[in-house]
Protein chains: 2
Amino acid sequence: MANNKLYKGSLITIILKLLDEGGKMYGYEITQKVKVITKGKLKITEGALYPALHKLEADGMLDVEVEKVDNRLRKYYKLTEKGSKETNSKLQELQDYIKTMQLLVNPKFSLD
Amino acid sequence: MANNKLYKGSLITIILKLLDEGGKMYGYEITQKVKVITKGKLKITEGALYPALHKLEADGMLDVEVEKVDNRLRKYYKLTEKGSKETNSKLQELQDYIKTMQLLVNPKFSLD
DNA sequence: AAATATACATAAATTTCTTATGTATAAGAT
DNA sequence: ATCTTATACATAAGAAATTTATGTATATTT
């Protein structure tokens, strides 16, 4: 993703949040959107993205709708109700993670 | 660590930062310190911690010093100069990660 | 005509962590 | 006295997420 191991574990959160905003998106579109938003700093690889989308679908988080545009296939994904709840949960986990990490690395007060 | 996949990839950063503050610490001490600072939210397991310490040592980030206290063994680790630089680098990566993730999940402005 | 972009997919290998297990001493509880 | 918990290290099997490497196919740009 970015030669930065901290992104490990973040892919599902990113996908869910983009779908939460974007309404419905297809895989390739997600990779491009992430590139634009992060100004190229973060690149979602296909080898990570597609299995992640398949897993989210299998877990009932996403619904799929296949379309053919310019004779090319697109698989549009959108959040199910379950996926919408999961998005909120994942975003909360991200906020918790950030708070906890800042506790660990920003020792404003001595805690001994 | 916390049933939150976002912590994946964070262990090295946590260890390095604690050693940066603590001067020298031994493994068990690190697990306890993390528990205290995070009020029990984050627990470093031994199965993750010890291999991580060994790897950091092998990579020249840490120096070891064995001590015997109350007839029990302690392996004190401290940052080498290389490890000190790596700490700064890892902390920068954490700030970058947080900024990028906030860009992705806090769409203050429409970017289309 | 060749290279790049769009659009999907999977499989082997790697990395990181969990879970389980093992050894050994010290301290606290019953 | 004995059992449990705490202190202190260690490793190995398995799981999960991702990287890297391929593969197919059509459209667009050079």
Side-chain angles (χ1 to χ4, degrees), chain A residues 1-16 22 24-36 40 42-59 61-62 64-77 90 93-94 97 101, chain B residues 1-16 22 24-36 40 42-59 61-62 64-77 90 93-94 97 101:
Chain A
M1 303 183 79
N3 220 25
N4 178 337
K5 287 161 188 176
L6 296 174
Y7 286 99
K8 257 177 202 294
S10 309
L11 181 58
I12 296 296
T13 305
I14 293 169
I15 292 172
L16 290 176
K24 75 177 187 182
M25 299 179 81
Y26 55 101
Y28 186 76
E29 188 183 6
I30 292 175
T31 67
Q32 299 308 302
K33 185 108 181 181
V34 167
K35 246 201 282 189
V36 170
L42 188 59
K43 276 162 197 158
I44 305 298
T45 60
E46 297 160 295
L49 177 67
Y50 291 115
L53 287 171
H54 299 161
K55 185 173 191 312
L56 284 168
E57 189 196 348
D59 291 346
M61 306 298 174
L62 304 183
V64 192
E65 207 182 301
V66 179
E67 267 185 49
K68 207 159 194 178
V69 178
D70 287 330
N71 207 38
R72 262 191 263 103
L73 202 73
R74 282 183 188 173
K75 292 178 86 173
Y76 277 97
Y77 292 92
K90 288 293 179 188
E93 280 184 11
L94 178 60
Y97 168 81
M101 286 303 284
Chain B
M1 302 184 79
N3 219 25
N4 179 337
K5 287 161 188 175
L6 296 173
Y7 285 100
K8 236 181 214 302
S10 309
L11 182 59
I12 296 296
T13 305
I14 293 170
I15 292 172
L16 290 175
K24 75 175 187 183
M25 299 179 81
Y26 56 100
Y28 186 75
E29 188 182 6
I30 292 175
T31 67
Q32 300 308 301
K33 186 108 181 180
V34 168
K35 245 200 283 189
V36 170
L42 188 59
K43 276 164 195 155
I44 305 298
T45 61
E46 296 160 297
L49 177 65
Y50 291 114
L53 287 171
H54 299 160
K55 184 172 192 310
L56 284 168
E57 189 197 348
D59 290 346
M61 305 299 175
L62 305 182
V64 191
E65 208 182 299
V66 179
E67 268 185 48
K68 208 161 192 177
V69 179
D70 286 331
N71 206 37
R72 263 190 264 103
L73 201 74
R74 282 184 189 173
K75 293 179 85 171
Y76 277 97
Y77 291 93
K90 288 292 179 189
E93 279 185 10
L94 178 60
Y97 169 80
M101 286 302 285

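All values derive from a computational prediction rather than experimental measurement. Residue numbers begin at 1 in each chain, while the letters A, B, ... track the order of the sequences.
Contact annotation: A/K75 side-chain N/O to C/dA7 OP1/OP2 distance is not under 4.0 Å. One finds no side-chain N or O of A/N71 lying less than 4.0 angstrom from the OP1 or OP2 phosphate oxygen of D/dA25.
For the pair A/L56 CG and D/dT18 P, the interatomic distance rounds to 11 Å; values are reported in whole Å. The interatomic distance linking A/H54 (NE2) with C/dA9 (C1') rounds to 7 Å, in whole Å. As a whole-Å value, the separation of A/L53 CG from C/dT10 P is 12 Å.
Each of D/dT18, C/dC8, C/dT18 was ranked by its minimum atom distance to the side chain of A/Y50; first place goes to C/dC8. Considering only side-chain atoms of B/A48, the nucleotide from D/dC9, C/dA9, C/dC17 that sits closest is C/dC17.
Nucleic acid contact for B/E46: base, since at least one base atom lies under 4.0 Å from a heavy atom of the residue. Residue-level contact check: A/L11 touches the backbone only, with heavy atoms under 4.0 Å from sugar-phosphate atoms and none from bases. In this structure, A/G9 reaches the sugar-phosphate backbone alone: every heavy-atom distance under 4.0 Å involves primed, P, OP1 or OP2 atoms, never a base. Within 4.0 Å of B/T31, counting heavy atoms only, lies no atom of the nucleic acid at all.
Looking at A/K8, its side chain has no donor and acceptor atom pair within 3.5 Å of the base of D/dT18.
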Nucleotide N/O of nucleotides 2-6 of chain C paired with protein N/O under 3.5 Å:
residue: C/dT6; atom: OP2; partner: A/Y28; partner atom: OH; Å: 2.1
residue: C/dT6; atom: O5'; partner: A/Y28; partner atom: OH; Å: 2.8
residue: C/dT6; atom: O3'; partner: A/R72; partner atom: NH1; Å: 2.9

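Taking the charged nitrogens against the carboxylate oxygens, B/K24 and B/E67 do have a contact shorter than 4.0 Å, which makes a salt bridge.
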